[in-house]
There are 2 protein chains.
Amino acid sequence: MADATGTIEAMLGKVPRTERGRKTLRRVLEAAALEFGERGYHDAAITGITQRAGVALGTFYTYFDSKEKVFRALVRDMSQATRQHVAEAVRGAPDRLTAERLGLEAFIGFVRQRRELYRIIEEAQFVAEDVYREHYLTFAEGYSRNLAAARERGEIAEGADSADEPRAWALIGMSVFLGMRYGIWEEDLSPAEVADIAIDLVSEGLRKRS
Amino acid sequence: MADATGTIEAMLGKVPRTERGRKTLRRVLEAAALEFGERGYHDAAITGITQRAGVALGTFYTYFDSKEKVFRALVRDMSQATRQHVAEAVRGAPDRLTAERLGLEAFIGFVRQRRELYRIIEEAQFVAEDVYREHYLTFAEGYSRNLAAARERGEIAEGADSADEPRAWALIGMSVFLGMRYGIWEEDLSPAEVADIAIDLVSEGLRKRS
DNA sequence: CCCAAACTTGAACCTTGACTCATGTTTCAG
DNA sequence: CTGAAACATGAGTCAAGGTTCAAGTTTGGG
């Protein structure tokens, strides 16, 4: 897309043509997720990936042109998986505020299960900035649309329509930091507790009411 | 602090004993901020730093033990500068919500002036995680205290006191993402506009009122 | 079966850049 | 003034790890 080559090959390695090839590609990708997640981009070694995958060093280059290319493929992969996971959790929510709550809870639960998520997606900021921006821009776009729709349905407080986007970014930032603090750093509150508090904050607001 | 050595020397290079030394140290630190900010930790080169500073390669090692050490010193430095800048902007605010608004506006303005801030502090997550955590933990602690005090003064909506901390993290995440999007990525809204929208969000909430 | 394409292998190559150190210069306290 | 400590210099050392490649092995369509 934002890629000059644009082909599917460029996005997820070279397409294998045999069953063996497909299986190997999958193993290399999974090994890469482990290696990058554990050691970070720069400390990760191609030999680390191939050893985990149980293949020879050269095999890696049958599927990816470079270290950076696997990393990009991985980020896109996890970005997509995250969006899908949240979308599923939210599906069928009766209204926007309920959707927010379900989405946030699912998100925090998700990062607990896949701690390599942050290590990989956030590091993309410094290794493949275009993919990083694409990730959050995609997220923010969908989010804005949902807020706008809810606002037009009269489900949430009205406001200028130009506020949808900043609101979306604010909510995303909230989720990302809560995910980091309560999903990865320390689990002293459950995803549900965190989601309750955060959603109460943005639903009811801090202003005192009589 | 969290450092085994604990001395001031370990935090900001070796302490120079002459005027010339202090001047050189300052230039090296400034050069390092530029180099790390422009190229990121791993692409930054010590020779890049010393060239910018106009000193020989070896001089660097008169002041810092390693590449990682300057980086840590720099992160602490910028962390402190950020907190100070926000604290000054907030000083004398009549109430918490006003303080929030002023703080956020100041923060976004600050990152616009010093775009290397994100590049450096956020990359610390992958280069010196302890300093990164220290940065946000310090921020969150102060924030929580402020919220708790305001709550006890009856200035903001009441709630369980266990909510202060998650609320603080939510607000920090909001600020960081708004700073990234509207401070660095694109300046399509002014810091004041962004702050207005975001603070309205957490003051009034999204729930519709009759 | 058969063989061309697909895939696998791992030693060797090669760049890069952090860090050392022996030598020289500058500073400043006494 | 002076000499010892502080500071500056930059060529050389060294390890790490990404990438190449030529020689094999396996697969699958015809």
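Reckoned from all heavy atoms, side chains included, excluding hydrogens, waters and symmetry mates. Please read these numbers as outputs of a predicted model, since none were measured by experiment. Throughout, a chain's letter reflects where its sequence line sits, starting with A, and its residues are numbered from 1.
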Please state whether the phosphate of dG17(D), meaning OP1 or OP2, lies under 4.0 angstrom from any side-chain nitrogen or oxygen of Thr47(A). no
To the nearest Å, give me how far apart OH (Tyr61(B)) and C1' (dG17(C)) are. 9 Å
If I take atom OH in residue Tyr63(A) and atom P in nucleotide dT19(D), what distance separates them, rounded to the nearest angstrom? 18 Å
What's the spacing between Glu30(B) CD and Leu74(B) CG if we round to 0.5 Å? 10.0 Å
Side-chain donor or acceptor of Arg83(A) paired with backbone N/O of Phe139(A) under 3.5 Å: no
May I have the distance from Phe64(B) (atom CZ) to dC7(D) (atom P), rounded to whole angstrom? 13 Å
Hey, could you give me the CD1/CZ distance between Ile46(A) and Phe60(A), rounded to the nearest 0.5 Å? 4.0 Å
Whether the side chain of Glu123(A) engages the backbone of Phe126(B) through a donor-acceptor N/O pair (distance < 3.5 Å, no angle test) should be reported. no
Any base atoms under 4.0 Å from Ala53(B), or only sugar-phosphate, or nothing? Heavy atoms, all strands. nothing
Return the 5'-most residue of the pair Arg22(B), His42(B) with respect to DNA chain C, ranking by each residue's nearest nucleotide. His42(B)
Rounded to whole Å, the CZ-C1' distance (Phe36(B) to dG17(C)) equals 13 Å
Rounded to whole angstrom units, what separation is found between the NZ atom of Lys67(B) and the P atom of dG17(C)? 8 Å
Quickly work out the Arg17(A) CZ to dA4(C) C1' distance and round it to whole Å. 14 Å
Picking from dG18(D), dT8(C), dC7(D), which would you name as closest to the side chain of Thr62(A)? dT8(C)
Counting the atoms with a prime plus P, OP1 and OP2 as sugar-phosphate, which does Thr18(A) contact under 4.0 Å by heavy atoms, base, sugar-phosphate, or nothing? sugar-phosphate
Is the centre of the Phe71(A) ring less than 6.0 Å from the centre of the Phe36(A) ring? yes
Phe60(A) or Asp65(B), whichever maps to the more 5' nucleotide of DNA chain C: Phe60(A)
Reckon Leu57(A) touches a base, only the sugar-phosphate, or nothing at all at heavy-atom distances under 4.0 Å? base
Arg20(B) side chain, from C-beta outward: closest of dA18(C), dT26(C), dG10(D): dT26(C)
Atom pair distance, as rounded to whole Å: CD in Glu68(A) and P in dG17(D): 18 Å
Check the distance between dA11(D)'s C1' and Ile46(B)'s CD1 and give it to me in whole angstrom. 17 Å
